[in-house]
Student: 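Provided herewith is a single structure, encoded as structure tokens, for subsequent inquiry.
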Amino acid sequence: MHYTSTRNNTIRVTAARAIAQGISKEGGLFVPSELPKLTEGDFVALQGMSYPERATAVLSRFLNDFTTTEVQKCTTAAYGAQFDAAAVAPLNAIDGEHNVLELWHGPTCAFKDMALQILPHLMRVSTGKTAPGEETVILVATSGDTGKAALEGFKDAAGTRILVFYPADGVSEMQRLQMITQEGGNVGVCAIRGNFDDAQTGVKTLFTDPAMQSMLREGGMRFSSANSINWGRLVPQIVYYISAYCDMLAQGKVAMGEPINVVVPTGNFGNILAAYYAREMGTPIAKLICASNRNRVLTDFFESGTYNTARPFYTTTSPSMDILVSSNLERLLYHLAGEDSAQIAEMMASLRDNKQYTVPAPVKEQMDALFAAGCASDDEVAATIKTVYDKTGYLLDTHTAVAFHVYDAYRAASGDATPTVIASTANPYKFTSAILEALGKDADGDPFSLQAALHDATGEPVPAPLANLGDKVVRFTDVCDGDTDTMRQTVCGMLNLG
């Protein structure tokens, strides 16, 4: 299997090259030239496997320039004692309608751990094959969870440095504390004056900036990414949707071959794109339901076929979804457009220059068949958290509550009773203030008093990685403007370049 670019489909690179490089030189995203297929026999075999074994079986089909032993070492190292659930990504049936895929049992209490615990191992193998001796600089823009998960995954990794930019006023206090107290001798963190889209635009521009590339070469360094624009970050996410179907089979929720729906709260579109890839591999997924918050750019896109970022940006109680430019949507459009990279390059140029593009009618028809979409306001999120807790005793975080609200609205409108898996993306303790307010409790106080208040109100245990933050030393206090020139200067300063 080889990988090509969404903006130049004449490119052919290996999996190792795609992972080590992160993004194609012309700005496109790497995608597999073909997708492996799963048979009924594969699903029978996968049911009897542990999560690391399932990951090895799936990833080996995409990483065919890795040996099976190399993949196995990566999955074993990634999905072990650092997860507080033996199943790693357990499927929790909280009632007859909602099957919750809990993706937050890793060391940073967010779904990003599912990919970012394995990416450093994939990166180590990939750079060993493609760029031995060079130092890899992982450059990250985060809306909250990716930053901490990447910092934790790459801390003190040999031959690697990691630099993270986050919006100063666009993450929860717990997310901010997780990043600014990060340990490790190879890590750097800086806030920006701006939103996530500013950070993401700056990072993507630096990847293709000739002056920046020249300085890196002189310093014996090369950029790579831990955002989901990196195929090595996206491909591990496919595993948990395949694993969820295996668990639905094992729990008797479906018979072999019967379909499920999947609901994903998403901003940058990587998480739901992984479900699309699982579907295209043969996982019986009928409908992919895209759940957005007040920043409803994806909802409007799926309804109209026009992607338009010329709109207000809102800071919400689900900050990891406060995004207007959903980078991974480019990969989906490439596949739906018949792998017409020239058409994708034209649409992405229109988005850059005109802040919008409209997909052709044949693409819109495929979108309508595959996807449903909806959004939730902060008030609807709060009401969902309280309703679900009062009815079931299950505590949702704000992002998962977006998915619950959108799913319930979809089911009521469509009458679609297909068994459904809802991706749960974060532990509620990452957003204590919003959760307490939703439950009608006092939400004033510092993050650690709010932890105690939420525990007292619900009895839910505080995850150790969050409870222990109070003992950490603040290491990173820098703030810079969110324009590309300033971010370039900041990166050069962090790396002692120029």
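It should be emphasised that the depicted structure is a prediction, and the values quoted were computed from it without experimental measurement.
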Student: Using every non-hydrogen atom in the two residues, find where Asp169 and Thr315 come nearest and quote the distance to one decimal.
Tutor: O-CG2, 4.0 Å
Student: Output, in order, the C-alpha distance, side-chain angles, deciding distance and verdict of side chain to side chain donor-acceptor pair (under 3.5 Å) for Trp104 and Thr425.
Tutor: CA-CA 6 Å; Trp104 39 260; Thr425 56; over 6 Å; no
Student: For the atom pair OH (Tyr357) and CG (Leu351), what is the distance rounded to the nearest 0.5 Å?
Tutor: 6.0 Å
Student: Work out which heavy atom in Leu116 is nearest to a heavy atom in Ala149; give both atom names and the distance.
Tutor: CD1-CB, 3.5 Å
Student: May I ask you to test the Asn295-Phe313 pair for a side-chain heavy-atom distance under 4.5 Å?
Tutor: yes
Student: Taking C-beta and beyond as the side chain, do Asn227 and Thr142 meet within less than 4.5 Å on heavy atoms?
Tutor: no
Student: What I want to check is whether the side chains of Thr398 and Thr317 have a donor and an acceptor closer together than 3.5 Å.
Tutor: no
Student: Do Arg54 and Ser243 get their side chains close enough for a donor-acceptor pair, meaning under 3.5 Å?
Tutor: yes
Student: Going by atom types alone, do Lys472 and Gln182 pair a side-chain donor with an acceptor below 3.5 Å?
Tutor: no
Student: Under a 3.5 Å cutoff, is there a donor and acceptor pairing between the side chains of Tyr314 and Asn195?
Tutor: no
Student: Taking atom types as modelled, is there a side-chain donor on Asp145 or Gln175 under 3.5 Å from an acceptor on the other?
Tutor: yes
Student: Side chains of Pro236 and Met114: closer than 4.5 Å at any heavy-atom pair?
Tutor: no
Student: Whether the Asn308 and Lys355 side chains hold a donor-acceptor pair (N or O, under 3.5 Å, no angle test) is what I'd like checked.
Tutor: no
Student: Can you label the angle between the Phe404 ring and the His98 ring as parallel, tilted or perpendicular, going by 30° and 60°?
Tutor: parallel
Student: Return the minimal non-hydrogen interatomic distance between Ser320 and His399, and the atom names on each side.
Tutor: N-NE2, 3.1 Å
Student: Would you please indicate yes or no on a ring centroid separation below 6.0 angstrom for Tyr245 and Phe43?
Tutor: yes
Student: So Lys430 and Asp397, do their side chains get closer than 4.5 Å, heavy atoms only?
Tutor: no
Student: Between Gln451 and Thr432, is a side chain to side chain donor-acceptor pair (under 3.5 Å) present by the stated rule, with each step listed?
Tutor: CA-CA 6 Å; Gln451 278 185 352; Thr432 48; over 6 Å; no
Student: Under a 4.0 Å threshold between the charged nitrogen and the carboxylate oxygen, would Arg296 count as salt-bridged to Glu303?
Tutor: yes
Student: Assess the pair Trp231 and Tyr277: is the distance between their ring centroids shorter than 6.0 Å?
Tutor: yes
Student: Apply side chain to side chain contact (heavy atoms under 4.5 Å, CB included) to Ser414 and list each qualifying residue two or more places apart in sequence or on a separate chain.
Tutor: Tyr410, Asp416
Student: List the steps and the verdict of side chain to side chain donor-acceptor pair (under 3.5 Å) for Asn271 and Tyr240.
Tutor: CA-CA 10 Å; Asn271 201 1; Tyr240 52 70; 2.6 Å; yes
Student: Do Glu53 and Thr56 meet the criterion of a side-chain donor-acceptor pair at a distance under 3.5 Å?
Tutor: no
Student: Does any non-hydrogen side-chain atom of Tyr429 lie less than 4.5 Å from one of Glu460?
Tutor: yes
Student: Pick from Val264, Thr266, Thr299, Val263: which one makes a side chain to side chain contact (heavy atoms under 4.5 Å, CB included) with Cys290?
Tutor: Thr266
Student: Between Tyr307 and Thr358, do the side chains contain a donor N or O and an acceptor N or O under 3.5 Å apart?
Tutor: no
Student: Show the nearest heavy-atom pair for residues Pro107 and Pro465, with the distance to one decimal.
Tutor: O-CB, 3.2 Å
Student: Can you find a pair of side-chain heavy atoms, one from Tyr389 and one from Leu439, that are under 4.5 Å apart?
Tutor: yes
Student: Any donor-acceptor pair under 3.5 Å linking the side-chain atoms of Glu152 with those of Thr108?
Tutor: no
Student: Taking atom types as modelled and ignoring hydrogens, do the side chains of Asn268 and Gln200 form a donor-acceptor contact shorter than 3.5 angstrom?
Tutor: yes
Student: Is it the case that Asp322 and Asn293 place a side-chain donor and acceptor less than 3.5 Å from each other?
Tutor: yes
